[in-house]
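Below, all heavy atoms of this structure are taken into account, side chains as well, without hydrogens, waters or symmetry copies. All values reported here derive from a predicted model rather than from experimental measurement.
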Amino acid sequence: LLPCGDYSLRGLSAEVAIERKSLPDLVMCCGKDRARFVEQIERMREFRFRALVVESRLSHVSAGIYRSNINAMSVIGTLIKIAHDYGVPVWMAESPTGAAELVERMLLREFKHARKRLPK
C-alpha cells in the first residue's frame, strides 16, 4: 500500500507519487469525493516528484463529455487549483494507453535519477 498516489517506486515511496485518474474518476473527485481528493493532493506536496495524470483530452473535459452534471469549468478550475495552489503538475494523457506510457516514462526517469544518487 502506497502512502499517497497510485504509482511510485520501491524504496522511493516517500519521494515519488503519481496519481492517475480516468475522466469519470476525475469528475467524481470534483464533486462528491472532492474533500478526500483534495486531502490526497495536499499530501502529495511533500513528495519530491509528484504528478496527476488524467486519461483524457482537455477538450473532452471542457466539452463536458462525461456522465455527470458537474460543470466542465469546475473540473478545469480544480485542475488549475491542483497545479497552481498545490504544486502538483497535471498531465492530460488523452487515453488509458497514453497515461500508462506517460506514467512508465516518469517512473523510469525517477528510477534513473535515484540510481545516480547512490554511492558507487
Residues Arg105, Glu101: salt bridge by 4.0 Å N-O rule: no
Shared ILVMFWY cluster between Met106 and Leu52, side chains joined below 4.5 angstrom? no
May I ask whether Met73 and Tyr66 are part of the same hydrophobic cluster, defined by side-chain heavy atoms of I, L, V, M, F, W, Y residues being less than 4.5 angstrom apart, directly or through others?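 Yes; Tyr66 is reachable from Met73 via cluster members.
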Which atom names give the shortest non-hydrogen contact between [X] and [Y], and what distance separates them?
{"X": "Ser62", "Y": "Ala72", "result": "O-CB, 3.6 Å"}
{"X": "Leu26", "Y": "Val75", "result": "CD2-CG1, 3.9 Å"}
{"X": "Arg117", "Y": "Leu12", "result": "NH2-CD2, 4.1 Å"}
{"X": "Pro89", "Y": "Arg50", "result": "CD-O, 3.2 Å"}

If you measure from [atom1] on [X] to [atom2] on [Y], what distance do you get to the nearest 0.5 Å?
{"X": "Glu39", "Y": "Asp33", "atom1": "CD", "atom2": "CG", "answer": "12.0 Å"}
{"X": "Ile41", "Y": "Asp85", "atom1": "CD1", "atom2": "CG", "answer": "12.0 Å"}
{"X": "Glu55", "Y": "Glu94", "atom1": "CD", "atom2": "CD", "answer": "12.5 Å"}

Residue pairs involving residues 60-78 (criterion salt bridge (Lys or Arg N to Asp or Glu O under 4.0 Å); sequence neighbours excluded):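 Not a single pair qualifies under salt bridge (Lys or Arg N to Asp or Glu O under 4.0 Å).
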Among Gln40, Glu19, Arg36, which one satisfies side chain to side chain contact (heavy atoms under 4.5 Å, CB included) with Cys29? Arg36
List in chain and number order the residues that pass side-chain contact (heavy atoms from CB on, under 4.5 Å) with Glu42, two or more places apart in sequence or in another chain; answer none if no residue qualifies.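 Residues passing side-chain contact (heavy atoms from CB on, under 4.5 Å) with Glu42: Val38, Tyr86.
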